[in-house]
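To keep things clear, I will list the structure first and then write my remarks on it.
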Amino acid sequence: MASIRDIHNVWRDNLVPASFRGAVFHVESSSRASGRRTVVHQYPKRNQPYSEDMGREVVRWNFTGYLILRDKGIGGNLLSQIGNLLGALEADEAGMLIHPTLGAMLVMCERYSYSDKRTAGGYVEFDMQFVEAGSPAMMPSIDIGSNLSSSAGAAESSAASSMSSSMASSGLTSSGQQAGIL
Amino acid sequence: MSVKTEFDEIDEIVERTLANLLAFTGKEGRSGSELRLRAGDLVARTAYYVMDGSFPNRLLQCFRLATTSGISLNWMDRVIQGLTEEKPSGLAATSVVQNSLIFALAQEGRVIRATQFISRDDVDATMRRMKKWFDIIKDIIADTMSGPAYQDFINLSAAITRYLTDTARPLPRMLRYELAATMPALAVSQYIYGEGDRSDVLVAENKIVHPAFMQRTLRAVSA
């Protein structure tokens with residue numbers, strides 16, 4: 001009898017067993033969340049806001065996975081499989097997560113929950129939340145004193161040019177015109 | 001508003017602002033005399049400098065000279081207070097007041113940078129003082145309807161806040177000590193810090209009349 005695995009397509013052919021630190025589990029559902037970090041500036045008495053881009057938001061993964069009794073695809077018995085997965089989720093540092101379709105990524109397990117039910121004996125469910133491990137940032141040390149001085153200088157220059165513009169637009173700097181009035 | 005009235009208004013604002021700027025006590029030194037010379041010149045020839053376009057930079061120069069001649073935050077606060085109380089009606093006069101506030105705030109930033117803070121409490125007090133001005137000046141600058149000016153003001157206030165925050169972090173806190181008995185300043189210094197040479201600081205901080213008799217309730221830095 002033909003199984004569904006006999007029907008080939010790119011998605012199914014690339015499907016791999018999901019695992020974290022080598023502990024394999026089945027995936028009921030998974031989701032990924034990220035985006036851009038933004039700071040929205042809203043100015044008094046202006047209709048136009050400004051959304052400042054502060055970089056990419058960290059990638060978070062949510063998995064609902066399960067293990068089931070007498071699973072031929074995963075080695076060992078159900079209890080050893082549960083033990084392996086719990087050990088992997090609680091181990092120190094980041095670990096390699098294999099997503100069934102999207103492949104490998106280095107993540108840390110932020111939290112997980114294990115649940116089983118009387119009405120579903122031999123079936124245990126894991127809700128797992130992973131966060132992208134990334135790499136330690138090279139924090140540049142800012143010379144805050146120089147930063148303050150340069151900000152002060154920039155504000156002064158901007159204020160001086162703003163004052164010049166206002167005087168010019170008021171017609172005060174066109175000397176030929178004002179000479180007679182004074 | 002006629003051009004002449006606007007010149008008069010600017011004249012009056014400049015005269016009052018520079019009078020506040022010149023009123024501070026640290027007028028000694030070359031930069032102090034330079035400040036008096038330039039401020040006097042600007043007050044006398046405001047209209048001429050407005051017309052030739054050099055007024056903004058000359059006014060800025062006066063503010064900078066006040067900083068280099070040692071103006072304190074307290075005195076610059078008076079200048080800012082004076083500017084916030086101005087009620088200009090002309091466009092150019094309004095711009096003079098608004099941008100003079102930025103000049104003054106920039107000088108406060110420079111003065112803060114040159115200040116040696118002793119305790120975190122000093123920094124916190126300065127932070128509270130600056131926060132008050134930021135709130136007032138923010139509304140005034142917003143009225144200029146100038147995006148870059150507002151952005152520069154925000155950058156400056158952020159730089160001052162960041163500087164104060166980073167400066168406060170390694171500083172010791174000011175603590176209140178309750179002593180069991182009246183002791184000499186040297187003994188108190190030894191008792192708190194394990195060394196006697198900080199007794200003068202304790203005497204100054206607590207305004208002690210005679211260093212042999214320190215009051216039992218003291219203020220002193222934690223380390």
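Chain identifiers are assigned alphabetically (A, B, ...) following the order of the sequence lines, protein sequences preceding nucleic acid strands; residue numbering begins at 1 within each chain.
Heavy atoms closer than 4.5 Å to chain A are found in both the backbone and the side chain of B:Ser100. Proximity to chain A is limited to the side chain of B:Phe55, based on heavy atoms less than 4.5 angstrom apart. Of the two parts of B:Leu59, only the side chain, counted from C-beta on, holds a non-hydrogen atom closer than 4.5 Å to a non-hydrogen atom of chain A.
Taking CZ of B:Phe153 as the reference point, atom OG of A:Ser158 lies at 12.0 Å (rounded to 0.5 Å). Rounding to the nearest 0.5 Å gives a distance of 12.5 Å between CD1 of A:Ile144 and CD1 of B:Ile160. Here OG of A:Ser150 is found 10.0 Å from CG of B:Leu156. Values are rounded to the nearest 0.5 Å. Note that the OH atom of A:Tyr43 and the CD atom of B:Gln151 stand 4.0 Å from one another [nearest 0.5 Å]. For the atom pair OG of A:Ser151 and OH of B:Tyr163, the computed distance is 13.0 Å after rounding to the nearest 0.5 Å. Interatomic distance, CG of A:Leu148 versus CZ of B:Arg110, reported as 8.5 Å (0.5 Å rounding).
Counting heavy-atom pairs closer than 4.5 Å to chain A, the top residue among B:Asn155, B:Asn57, B:Val96 is B:Val96. Note on A:Ala160, A:Ser166, A:Gly153, A:Ala154: by heavy-atom pairs under 4.5 Å with chain B, the leading option is A:Ala160.
Residues A:Met167 and B:Met51 fail the side-chain proximity criterion, which asks for heavy atoms closer than 4.5 Å.
Heavy atoms only, all atoms of each residue included: A:Ser149 and B:Arg113 are closest at OG-NH1, 2.8 Å.
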